[in-house]
J.: 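This is the structure I want to talk about, given as structure tokens.
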Number of protein chains: 2
Amino acid sequence: MIKEKGQLLLDYINRYVSLTEEEENTLLSKVVYRSYLKGQFIVQQGDICKYECFVLSGCTKTFYIDDEGQEHIVMFSIEDWWTADMGSFITQTPADYNVQCLEKTELIMFPYDIIEDLYAAIPKLERFFRQIIQKAFVASQKRIVRSFSLSAKERYVYFRNQYPKIEQRIPQYMIASYLGITKEFLSKIKSELIAEQ
Amino acid sequence: MIKEKGQLLLDYINRYVSLTEEEENTLLSKVVYRSYLKGQFIVQQGDICKYECFVLSGCTKTFYIDDEGQEHIVMFSIEDWWTADMGSFITQTPADYNVQCLEKTELIMFPYDIIEDLYAAIPKLERFFRQIIQKAFVASQKRIVRSFSLSAKERYVYFRNQYPKIEQRIPQYMIASYLGITKEFLSKIKSELIAEQ
DNA sequence: AAATCATATTAATCTAGTTTAACTTTTATT
DNA sequence: AATAAAAGTTAAACTAGATTAATATGATTT
């Protein structure tokens, strides 16, 4: 794998735990670098998710198609985030979600069949993953609270403040889907917000 | 700590990792057993959450009071589940949530200041917690999807099927709060469901 | 047994957000 | 530059769920 790409991952991990040079080399020898084009799928609903992926560059959406064929966006992932269908990955059962690239996207992929070896070789990784998943879980719980206690307009304003970088890169109708509202209603909210100031 | 109480925790942990007898003894010597009465608070909004708690018996609700004074229930916890404000616990910052007992509740508490020692003494616990948090995160993501893609009636039916034990122990108005609807609307849903069959 | 307090029901009115559909603007393709 | 395709806007009619308020049921206390 290209040295400088791996370094981005190591920098990220070293914010949580400190790896020795030997551990760093072991890690980089086991993970896989891959680049996807805009529109390509990293995971498809129904497949078994074989990789947990760290995003080096680009942007993905994780979404779910319901029985009526409606798309519901669960999350976006950009640089320094993770993407995959974790439920499918940890249980090796068919994925509920699709993960699709909204831009050319570079990833470092952690294959399922080596991740146990990796934990055995580098126990610190167990701690690292525990810590980032704890953070993700807390964020997810907070999103549930927001979905119940805030209006659509409030949720949009929150999203815009929290993820200013994401908003600019993504079409409005996908943001509407992420917020759980229609694109028409988001359009109305935006024009109200403009009128307000 | 009472031997048989500790055994419930060990049985639970041993479903994920296998502890040696020495590790089991170390663990039980560090955690704290405690019983709360109905109505008592385990965590209060604004406090720093000092314990991650395993529920031996009883039932708790985790909730958030919004700016308008409205209560929003984030989760219920019963036997063999965990309860706390994890966000507050991991960052040691003021809690967003309250955790209150809906019945007499027995807990095993993992104090914040010993948890690092515990990970050091029993590295398997790191793996154990990683695994249960992964599961919790996946469940949380699925709940977000349901909150967007299902109607209130569908969410209620799902809840009833998923947690039949919880429904019987808890007043309707709390279930309404958990589902993100008013108690009046839940009452309407229930009478519709009765009329349907 | 009466009184009180918490919980649940019902119904009328209201509103945040959806649906449908026509139109406009922006971006990509030839 | 012209055309097509994708994304975004506006507005009218509609609906899921909220609000308000009155009533009913069920526990708990005295």
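Order of the sequence lines fixes the chain letters, A, B, ..., with proteins taken first and strands second; residue numbering starts at 1 for each chain.
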J.: Would Phe63(A) and Tyr97(A) count as a close aromatic pair, with their ring centres under 6.0 Å?
T.: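 No.
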J.: Considering only heavy atoms of chain B and a distance under 4.0 Å, specify the first and last nucleotide of DNA chain D in 5' to 3' order that meet this criterion.
T.: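 Contacts span dG17(D) to dA21(D), reading 5' to 3'.
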J.: Students should find this one: the first and last nucleotides of DNA chain C, 5' to 3', lying under 4.0 Å from a heavy atom of chain B. What are they?
T.: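 So the contact region on DNA chain C extends dT7(C) to dT10(C).
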J.: Would you please indicate if the ring centroids of Tyr51(B) and Tyr112(B) are separated by under 6.0 Å?
T.: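 Centroid distance Tyr51(B)-Tyr112(B): not below 6.0 Å, so no.
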J.: Answer yes or no: are there more than 12 heavy-atom neighbours, outside Lys135(A) itself, under 6.0 Å from its atom NZ?
T.: no
J.: Using atom types as modelled and distance alone, determine if a side-chain donor or acceptor of Asn98(B) lies under 3.5 Å from a backbone N or O of Gln45(B).
T.: yes
J.: Taking the nucleotide of DNA chain C with the closest heavy atom to each, which residue, Lys153(A) or Lys183(B), is nearer the 5' end?
T.: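 Its nearest nucleotide being more 5', the pick is Lys183(B).
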J.: Could you say whether Ser191(B) or Ile189(A) is positioned toward the 5' end of DNA chain C, judged by the nucleotide with the nearest heavy atom to each?
T.: Ser191(B)
J.: If the plane angle is over 60° it's perpendicular, under 30° parallel, otherwise tilted; pick one for Phe54(A) and Tyr12(A).
T.: tilted
J.: Apply side-chain hydrogen bond (donor to acceptor under 3.5 Å, both in side chains) to Arg169(A) and list each qualifying residue two or more places apart in sequence or on a separate chain.
T.: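 Arg169(A) satisfies side-chain hydrogen bond (donor to acceptor under 3.5 Å, both in side chains) with Glu79(A), Glu103(A) only.
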J.: Just to be sure I understand the geometry, which residues of residues 156-181 of chain B put a non-hydrogen atom under 4.0 Å away from DNA chain C?
T.: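 Pro171(B), Gln172(B), Tyr173(B) - these, ordered by number, are the residues of the stretch whose heavy atoms sit under 4.0 Å from the strand.
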J.: Just to be sure I understand the geometry, which residues of residues 65-73 of chain B put a non-hydrogen atom under 4.0 Å away from DNA chain C?
T.: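 Those residues: none at all.
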J.: Just jot down the side-chain hydrogen bond (donor to acceptor under 3.5 Å, both in side chains) partners of Thr62(B), sequence neighbours excluded, or say none.
T.: none
J.: Sorted by first residue and then second, give each salt bridge (Lys or Arg N to Asp or Glu O under 4.0 Å) pair with at least one member in residues 137-149 of chain A; sequence neighbours left out.
T.: Lys142(A)-Asp96(B)
J.: Does any pair with a residue in residues 11-26 of chain A pass salt bridge (Lys or Arg N to Asp or Glu O under 4.0 Å), and if so which ones, sequence neighbours excluded?
T.: Arg15(A)-Asp80(A), Glu23(A)-Lys124(A)
J.: Would a 4.5 Å heavy-atom cut-off, applied to side chains only, mark Tyr173(B) and Thr182(B) as touching?
T.: no
J.: Is a donor on one side and an acceptor on the other found under 3.5 Å between the side chain of Thr105(B) and the backbone of Cys101(B)?
T.: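 No, the answer is negative, given that no donor and acceptor are paired below the 3.5 Å cut-off.
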J.: Applying side-chain hydrogen bond (donor to acceptor under 3.5 Å, both in side chains), name anything that partners Trp81(B), two or more places apart in sequence or on another chain.
T.: none
J.: To the nearest 10 degrees, what angle separates the axes at the start and end of the helix from dA1(C)-dT30(D) to dT30(C)-dA1(D), five pairs each?
T.: 40°
J.: Could you pull out all residues at least two apart from Glu192(B) that satisfy side-chain hydrogen bond (donor to acceptor under 3.5 Å, both in side chains)?
T.: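 Only Lys153(B) meet the side-chain hydrogen bond (donor to acceptor under 3.5 Å, both in side chains) criterion with Glu192(B).
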J.: Could you list all the side chain to side chain donor-acceptor pair (under 3.5 Å) pairs where at least one residue sits in residues 34-44 of chain B, not counting sequence neighbours?
T.: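 Qualifying pairs, neighbours excluded: Arg34(B)-Tyr36(B).
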J.: Are Phe110(A) and Phe129(A) an aromatic pair, judged by ring center distance below 6.0 Å?
T.: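 Centroid distance Phe129(A)-Phe110(A): below 6.0 Å, so yes.
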